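Some notes on the structure that comes next.
In the text below, chain A, chain B and the rest are named by the order of the sequence lines, each starting its count at 1. Worth saying up front: this structure is predicted, and the values here are computed from it rather than measured.
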Amino acid sequence: MKKQFVVGPVGDFPPDKCRIVDVAEVSVGIYNRQGTFFAVRNLCPHKLAPICHGTIGGTFLPSEQGEWIYGLDGYVLRCVAHAWEFDIRTGESVFMADRRRLKTYPVTIENGQLLLTMRVTSAAEGGKEGDDDASDV
Amino acid sequence: MSLGIVDCDVHPLVTGGLGALFPYFDQNWRKRLEPRKHIDPFGPSIGQPPHFVGSGSNRVDAIPPSGGLAGSDAAFLAHDLLDKHGIDIAVLLPFQPARLDGWKDADEAAILASAYNSYFVEHWLGVDPRFRLAMVVAPQDPVLAAKEIRRLSSTQGVVGVWVPPIEYNIGYRYYNPIFEAAQEAGLPIVLHVSASPHQSSRPGRSTVAEYYAAISAIGINELCSLIFEGALSRFPMLKVVFVEYGWTWVPSMVWRLDQTWKSARPSVPYVLKPPSEYILERVRFTSEPAIDVPNEDYLRSILEMMRADRTLLFSSDYPHWDSDAPETVFKNISADLRHRIFWANAVETFGDRLLAGVPAAV
């Protein structure tokens, strides 16, 4: 079942920074992209590195040789290991370099608090995240 | 239907040194080359280690009864290779002009390569309708090489352009004029390990055995260069055939290239898709030497992993010491896959030019 978790006051998540928090025993990176919040699991689907310690920024878009077009600024999370890039909005590998997806969570704001929606197993309600999501590891 | 066979690697030679090319030179060039008319670019160079095969790189039984070098008699070769083994089409890769990659004078290298091309068009393509030619360009001056490609681009029987790399790996933009002309002509680039200094020479390498075994590594180098230096991106219609670099290594290298791309893509944004896709679409490998894979299951697995149904082309490498006769290789694979390797892949790679002049019955 899905459950909402309060992760803290909006002011605790400054723009263009990543904050790593534990939600229901799951490590999650919260990104504030100019007032819009994104949450991803701090676990790279490739080789399970703590991806949120990697850089958030943009990337060079597919182009002709000799052109350098920087784009997607603020949406590309590059893993600390192997440098795979994921779009924090969708969890998809940038330009579909790989099929595997980074787990993302919906984020909402209520009364100045950041709320994160996570699926949890009923047996361990409030505890470990469930594994019934196809986009998960 | 009998199995059609295209042999994508056959080596003809010209007996008689550079003098044999004199009909293709004007007075000025004859004057210039006269003192060197006995030189053969395929001859041994001083200080090179001896070949571990006593006869050198050619088989002694391929020496024509008329005398001369193995591979120098078109009619004998047609009988000894094509008739005997049921080969319908043979792509000729002349080694002498390819050896010009070590030649110092760029103008000479270009005009000699051009003369060799004219020689093989006249004396080989004209002799047997089963012959096709990979013309050779000297790499010293890519602009002259491009001019030579355009000179022969509509000559019937010319099906590819053999480029022996010099100094730079093959994907580097140095070769742009050559690739541009080849793409424009619809001629695949043919790479063949040439024993040229660029490909063979390594400090401390003193045996032919080491060179021979390490040829795969040379092919791997060139393949990585083609992808990451962006040659296949710059020239979206260009095809490249790797001749005699081996192929059992292809699966592992394709995986490694893809894995590298997943991490490195932003540093090479012109590589628009996984390298495996470029390779499946436009890079091919010839079969000789068909390494003795320890068992048939392994062999079938490798063929499946490398997408041999698209990427592998049969070659004999006649008249070289390690040549493969078609009836001795890939005996226990499906008829469909044999048809792809021995015929269809070559036809798709070289296009309609390959079939021009072949009886419809094939």
> Hey, mind stepping through Ser263(B) and His82(A) against side chain to side chain contact (heavy atoms under 4.5 Å, CB included) and telling me if it holds?
Replying inline: CA-CA 6 Å; Ser263(B) 297; His82(A) 309 105; 3.9 Å; yes
> Taking Arg78(A), Glu85(A), Met96(A) one by one, which has the highest count of heavy-atom pairs under 4.5 Å against chain B?
Replying inline: Glu85(A)
> Could Arg33(A) and Tyr75(A) be counted as a cation-pi pair, given that NZ or CZ must be under 6.0 Å from the ring centre and within 45° of the axis?
Replying inline: yes
>> Out of Cys79(A), Gly66(A), Pro62(A), Ser93(A), return the one with the most heavy atom pairs under 4.5 angstrom to chain B.
In response: Pro62(A)
> Can a donor-acceptor pair be found between the side chains of Ser27(A) and Asn42(A) at a distance below 3.5 Å?
Replying inline: yes
> Picking from Gln259(B), Arg234(B), Arg173(B), which has the most non-hydrogen pairs under 4.5 angstrom with chain A?
Replying inline: Arg234(B)
> Given a strict heavy-atom distance threshold of 4.5 Å, which part of Glu64(A) is in contact with chain B: side chain, backbone, both, or neither?
Replying inline: backbone
> Do Lys273(B)'s NZ or CZ and the ring of Tyr278(B) fall within the cation-pi criteria of under 6.0 Å and 45°?
Replying inline: yes
